[in-house]
Amino acid sequence: MVCRPGHENNPLEKIRHTCAHVMASAVQELYPGTKVTIGPVIEDGFFYDFDVARPFTPEDLAKIEAKMAEIIKRNLPLEKQVMSRQEAIELFRQKQEKYKVEIIEGIADAEPISCYRHGEWLDLCKGPHVTRTGEIKAFKILHAAGAYWRGDEKRERLQRIYGTAFESQKELDAHLNKLREAEARDHRRLGQALDLFSTMEEDGAGLILWHPKGGRIRKVIEDFWRDAHVKGGYEIVFTPHVARRDLWKTSGHLDFYQDYMYAPMDLEGVQYQLKPMNCPFHIKIFKTSLRSYRDLPLRWAELGTVYRYERSGVLHGLLRVRGFTQDDAHLFCQPSQLESEIMQVLDFNLNMLRTFGFTEFEIYLSTRPDKSVGSDENWELATGALKGALEKKGIRYEVDPGEGVFYGPKIDMKIKDVLGRSWQCSTIQIDFNLPERFDLEYVADDGSRQRPIMIHRALLGSLERFFGVLIEHYAGAFPTWLAPVQAIVMSITDAQEPFAREVHAALKQAGIRVDLNVRSDKLGSKIRESEMQKIPYMIVIGKKEVEQQTISVRSRRKGDLGALAVADFLPQMLKEIDEKTC
RNA sequence: GCUGGCGUAGCUCAGCUGGUAGAGCAGCUGAUUUGUAAUCAGCAGGUCGUCGGUUCGAUUCCGACCGCCAGCUCCA
């Protein structure tokens, strides 16, 4: 039983920690014979894993919650008890708590062993805790799930119960609200409600169908992305989905990535394989001619669709799929250009993400792992370049020691959405391995052959995942520049149909993605439908509007904006779209 | 992949201990001509995830598979 390192004395952590104990004691009171394992405090609460005869049902959870309330009401004091290692082992062996014995056996000799007791119930625990169970003012059991002892699927299957606790009911309610809000924003739910995409389910799990409305958004993203890249000094390339197995042998993917690759297919006796990455193709383009130092840096970008085998249990909507399109790019440069290239990528990336409405980022620099290729000086050069670029840009970051890829260090950027959740999207990786494997060269100014440095980078990560994140970030209410339907023209009675069609045509002509609703429904119903489809602008045409040749504009966000001339409204709307305001 | 839960109409869901299914929304048709989040009526829609087993009979019980969900693990 542990608090998160560095958070031990946080009052909330103590409450949650004690709450986990209370939960475990409640479980053992209700279900004798259950063995306890571990139950740490986690970011938004805590969990406890039990070895229990049968899985917990929702009814069990309700009972456990009631029992916990009872234990809290007893207001039992929490008492710390320090003992010797031998005493502790004996105590838990006697209680037949084999997991606890295993934990104690793993604790270093020098460390004191402590237990915390409330009432009759005692748990091996470092502490600290609140002083009495009555200090837990607000808690909630969330759900149960399976887990494994020590996270190892070969070991005992356990049942985990997640819960959370707060210092006040008000804070707990706020947190539960946030969970509900997150559920309402779930991109899988919104994807269906807004007719954006579906997953193929029985025809291929983890494969995405982009419906027309999702397709519109994707097109906007892709057009913007390509434009930005061309302006940013990139060239756009296109590469195939399959290649001969030999390519993957040379690239090393068959050695280190095979588990994620689909089985080879046989074409006229030659083995081909679906691509899990785009890089070898970009390298092949590099190798089609002799490159001069004058050509460098080369920046090649591709929206490249890759296929990776993911275990069935990890698939999740758009966020974890088996086929996805990376917004990939590879930069080939001289060592001296590395830092400035990284700086440029950082700027480019942040600008792009900000355009999509993300303002907060978590940035990590991952350094050399234990197992790696490349020389010490290369690692030093590359890590120094990444660090230097971050620092020169004044970007705050954390170092993830040893978390780099075996072929080079990297910068990962996570974006934070409105609910404060972070999502891994961007990655900038330096690669010493592939240039070596493919024997890449350029001719330097002194005529010698030099090896370029290669940078892999993806900004949005994958279009699928990024789309999922966008949906959740905006709760489906996309800013006008991204919205699949930007405006809808609706008539109040059939009499206004001709003018409504006229307005519709005018907007369409101006390049607005506009729909028309001239059905003989009441206005309220048309508004409701449009609101539910989260269309930014609703344009109402009634008798008055026809007479005055105006339109009444209702904004999804601001409500009724009153009557305007089309000639006044249209430039406003076009400006909003052009500026990509969120 | 593993653990647990689940799979009924396009969607959300009901259907007691086995006797071949029902609602709301959406769709279609008609009526209605409506002023800022739901007008009314009618019609149509399902080999109850798939395959096998038990049974006189399976949506219901059993098994396998597929898929989804919560996690484990992993990741763009």
Side-chain angles (χ1 to χ4, degrees), chain A residues 47 49 52 54-58 142-162 183 186 188-189 192-193 195 198-206 259-260 276-278 304-306 308-328 412-414 423-427 429 456-469 490-497 518-534 538-545 552-556 559-563:
Chain A
F47 67 78
D49 285 348
V52 62
R54 82 179 158 77
F56 297 110
T57 62
L142 297 173
H143 54 262
Y148 296 94
W149 174 233
R150 304 244 141 129
D152 182 348
E153 65 187 55
K154 293 192 181 62
R155 301 209 53 182
E156 294 87 339
R157 314 181 222 297
L158 307 174
Q159 292 301 316
R160 173 171 300 181
I161 305 180
Y162 285 89
E183 210 184 313
D186 191 311
R188 294 165 298 181
R189 178 189 296 245
Q192 185 180 69
D195 196 14
S198 53
T199 52
M200 291 238 287
E201 308 210 343
E202 63 267 14
D203 299 310
D259 289 350
Y260 290 96
M277 293 190 191
N278 304 300
T305 303
V306 297
R308 298 183 185 174
Y309 166 72
E310 296 284 356
R311 307 208 289 174
S312 57
V314 306
L315 301 174
H316 181 90
L318 292 172
L319 299 179
R320 195 72 186 277
V321 295
R322 284 178 173 163
F324 58 97
T325 301
Q326 289 185 306
D327 70 315
D328 211 355
D412 281 331
M413 304 178 90
K414 292 188 178 181
W423 307 91
Q424 163 80 57
C425 290
S426 314
T427 181
Q429 309 181 351
H456 307 252
R457 55 98 287 201
L459 305 184
L460 311 179
S462 85
L463 293 181
E464 286 74 8
R465 172 177 289 181
F466 191 72
F467 186 33
V469 173
M490 48 187 82
S491 55
I492 293 179
T493 77
D494 293 351
Q496 291 91 45
E497 187 175 331
V518 291
R519 290 200 315 257
S520 61
D521 290 331
K522 290 174 105 169
L523 181 62
S525 126
K526 295 185 185 183
I527 298 268
R528 178 182 144 85
E529 189 181 310
S530 306
E531 285 283 353
M532 290 199 309
Q533 286 299 306
K534 302 179 194 280
M538 284 151 266
I539 292 167
V540 178
I541 310 288
K543 197 174 162 197
K544 220 165 49 193
E545 286 74 17
S552 278
V553 180
R554 176 189 163 108
S555 150
R556 175 184 67 196
D560 195 348
L561 302 180

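Both backbone and side-chain heavy atoms feed into the values below; hydrogens, waters and symmetry mates do not. Proteins come first, then strands; the chains are lettered A, B, ... in the order of their sequence lines, and each starts at number 1.
For A/Ser552, no side-chain nitrogen or oxygen approaches OP1 or OP2 of B/G35 to under 4.0 Å. For the OP1/OP2 pair of B/C69 and a distance below 4.0 Å, the side-chain nitrogens and oxygens of A/Arg188 include at least one atom meeting the criterion. For B/G4, the OP1/OP2 oxygens have no side-chain nitrogen or oxygen of A/Tyr162 closer than 4.0 Å. Of the side-chain N and O atoms in A/Ser312, one or more sit less than 4.0 angstrom from OP1 or OP2 of B/G1. At B/U12, one or more side-chain N or O atoms of A/Gln192 fall inside 4.0 Å of OP1 or OP2 (strictly under the cut-off). Side-chain nitrogen and oxygen atoms of A/His456 include none within less than 4.0 Å of the OP1 or OP2 phosphate oxygen of B/A76.
Annotation: B/U20 and B/U60 have their C1' atoms spaced 11 Å apart (nearest Å). Spacing of C1' atoms, B/G10 relative to B/G53, comes out at 33 Å, to the nearest Å. Comparing B/C75 with B/C66, their C1' atoms sit 24 Å apart, to the nearest whole Å. Only the C1' atoms considered, B/G19 is 24 Å distant from B/C13, to the nearest whole Å. Spacing between B/G15 and B/U59 at atom C1', rounded to whole Å, works out to 9 Å. With both ends at atom C1', the span from B/A9 to B/A23 equals 11 Å, rounded to whole Å. B/C6 and B/G49 have their P atoms separated by 14 Å, given to the nearest Å.
Separating the CZ atom of A/Arg311 from the P atom of B/C74 is a distance of 9 Å, rounded to the nearest angstrom. Atom C1' of nucleotide B/A31 and atom CG of A/Asp521 are separated by 13 Å, given to the nearest angstrom.
Checked against B/U33, B/A76, B/U39, the side chain of A/Ser520 finds its nearest nucleotide in B/U33. Here B/G35 is the nucleotide among B/U34, B/A76, B/G35 with the atom lying nearest to any side-chain atom of A/Val540.
Residues A/Leu460 and A/Asp327 come closest through the heavy atom pair N-OD2, 2.8 Å. Here the closest heavy-atom approach between residue A/Thr325 and residue A/Glu464 is recorded as N-OE1, 2.8 Å.
Under the 3.5 Å distance criterion, the side-chain polar atoms of A/Gln496 are matched with a main-chain donor or acceptor of A/Thr493.
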